[in-house]
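Scroll down for the structure; my scribbles are underneath it.
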Amino acid sequence: MTRPHVLLSVAVSADGCIDDVSPQRFPLSNAADFDHVDQVRAESDAILLGAGTVRRDDPRLLVRSAERCAARLARGLPEHPMKVVVSGSGDLAPALRLWHLDGAKLVYTTDAGAASTTVDRFAEIAAMGPEIDFGEMLDDLGARGVRRLMVEGGTCIHTGFLRAGLADELRMAIAPMLIGQQAAPRFLHPALFPGGPERRFHLEDVTKIGDVAVLRYFPKVTSENA
């Protein structure tokens, strides 16, 4: 069974934060980088988010460009990638925007979460037993025909993929600012990652997009300069 290519996408401040502590989402990237992220979305078969990020940001998870949507349709693909949400509890509000927009929706949850969720009217519910195993989740996505999976966060989800050694690619946009707030959320939680701190990722390229630097890492490949 072929697992999808897993691309983690994140924007961070220069001090490693993915947001500030205000109720509204803090825009780290610039317009050109947001457009590039839209291109990456258009190239993906599915976009995955954790429940915490979905609750906080209420995202649409759509390809914004009409031209890119048309190009997907011309290739025989749905206009928008599948929307995938990971929620251990299944506690997801039916009023969230992504349930009411175009595209297939899939929720990975536990058996208990599947029994209690109220969004089964809007999305397919995939129960995975007492816990959610990311490897089994990728196996299931591969069986559904997903070849490219874009993971947009949040912290718990990104940490889980990297801790399990399941991320093929990391797109990190570094914004030229400092958040500086102790309680601001960061890219990753502390964890035991494969190889520990001595192992260095392969850096494939660096792109300057306005005032944002976009780094493209291959986490499964060890740097030749290590």
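Reckoned from all heavy atoms, side chains included, excluding hydrogens, waters and symmetry mates.
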With clusters built from Ile, Leu, Val, Met, Phe, Trp and Tyr whose side-chain heavy atoms come within less than 4.5 Å, directly or transitively, what are the remaining members of the cluster of Phe26, listed by chain and number?
-> Leu28, Met177, Ile179
How far does OG1 of Thr117 sit from CD1 of Ile125, to the nearest 0.5 angstrom?
-> 4.5 Å
Taking side chain to side chain contact (heavy atoms under 4.5 Å, CB included) as the test, write out the residues that go with Arg216, two or more places apart.
-> Glu169, Glu204, Asp205, Phe218
When rounded to the nearest 0.5 Å, the distance separating CG of Leu98 from CG of Asp58 is 7.5 Å
Decide whether Val86 and Val6 are clustered together by the hydrophobic rule: side chain heavy atoms of Ile, Leu, Val, Met, Phe, Trp, Tyr closer than 4.5 Å, transitively.
-> yes
Taken in chain and number order and not counting sequence neighbours, the residues that satisfy side chain to side chain contact (heavy atoms under 4.5 Å, CB included) with His189 are Thr155, Cys156, Thr159
Do Asp15 side-chain atoms and Gly180 backbone N/O form a donor-acceptor pair below 3.5 Å?
-> yes
Side-chain (Arg3) to main-chain (Leu138) donor-acceptor, under 3.5 angstrom = no
Mind checking whether Pro78 and Arg72 have side chains closer than 4.5 Å, heavy atoms only?
-> yes
Pairs meeting criterion side-chain hydrogen bond (donor to acceptor under 3.5 Å, both in side chains) with involvement of residues 31-54, two or more places apart = Ser29-Asp33, Asp33-Arg171, Asp35-Arg68, His36-Arg171, Asp38-Arg68, Gln39-Glu43, Gln39-Arg68, Arg41-Glu152
State yes or no: do Phe122 and Leu48 share one hydrophobic cluster built from I, L, V, M, F, W and Y residues joined by side-chain heavy-atom distances below 4.5 Å, directly or via other members?
-> no
According to the ring-ring contact (aromatic ring centres under 6.0 Å, His included) rule, which pairs have a member within residues 137-174, sequence neighbours left out?
-> Phe134-Phe161, His158-Phe187
Nonpolar side-chain network containing Val212, other nodes, edges under 4.5 Å = Ile209, Val214
Side-chain contact, heavy-atom cut-off 4.5 Å: Pro4 with Arg147?
-> no
Qualifying residues under side chain to side chain contact (heavy atoms under 4.5 Å, CB included), relative to Ser89, sequence neighbours excluded | Arg55, Ser87, Asp91
Backbone N or O of Ala32 within a donor-acceptor pair of the Asn30 side chain at under 3.5 Å?
-> yes
Output the distance between atom CE (Met128) and atom CD (Glu136), rounded to the nearest 0.5 Å.
-> 5.0 Å
Shared ILVMFWY cluster between Val37 and Met82, side chains joined below 4.5 angstrom?
-> no
Kindly check if the number of other-residue, nucleotide or ligand heavy atoms within 6.0 Å of CZ (Arg64) is above 12?
-> no
Taking all heavy atoms of Leu92 and all of Thr118, pick out the closest pair and write down the distance.
-> O-OG1, 3.7 Å
Sequence neighbours left out, what pairs pass salt bridge (charged side-chain N to carboxylate O under 4.0 Å, His left out) with at least one residue falling in residues 113-131?
-> Glu124-Arg144
Heavy-atom nearest pair, His80 first then Cys69, reads CE1-SG, 3.6 Å
Any side-chain hydrogen bond (donor to acceptor under 3.5 Å, both in side chains) involving residues 96-112? Give me the pairs, sequence neighbours left out, ordered by first then second residue.
-> Tyr108-Asp140
Take Asp168 and Lys220 through the test side chain to side chain contact (heavy atoms under 4.5 Å, CB included) and record every step on the way to the result.
-> CA-CA 6 Å; Asp168 298 288; Lys220 292 182 179 180; 2.9 Å; yes
Answer yes if Val10 and Leu7 sit in the same cluster of Ile, Leu, Val, Met, Phe, Trp and Tyr residues linked by side chain heavy atoms under 4.5 Å apart, and no otherwise.
-> no
Taking it one step at a time, do Gln181 and Cys17 satisfy side chain to side chain contact (heavy atoms under 4.5 Å, CB included)?
-> CA-CA 9 Å; Gln181 299 165 336; Cys17 298; over 6 Å; no
Any donor-acceptor pair under 3.5 Å from His5 side chain to Arg148 backbone | no
Say whether Leu8 and Val40 are linked into one hydrophobic cluster, either directly or through other cluster members, by side-chain heavy-atom distances under 4.5 angstrom.
-> no
Who passes side chain to side chain contact (heavy atoms under 4.5 Å, CB included) against Leu215, sequence neighbours left out?
-> Ile174, Leu203, Val206, Ala213, Tyr217
Working to the nearest 0.5 Å, report the span between CE of Met137 and CG of Leu106.
-> 9.5 Å
For Asp20, what residues pass the salt bridge (charged side-chain N to carboxylate O under 4.0 Å, His left out) criterion, not counting sequence neighbours?
-> none
Got a second to check how far Leu49's CG is from Lys83's NZ, nearest 0.5 Å?
-> 11.0 Å
Interatomic distance, CG@Asp19 vs CZ@Arg186, rounded to 0.5 Å, equals 12.0 Å
Residues forming a salt bridge (charged side-chain N to carboxylate O under 4.0 Å, His left out) with Asp133, sequence neighbours excluded = none
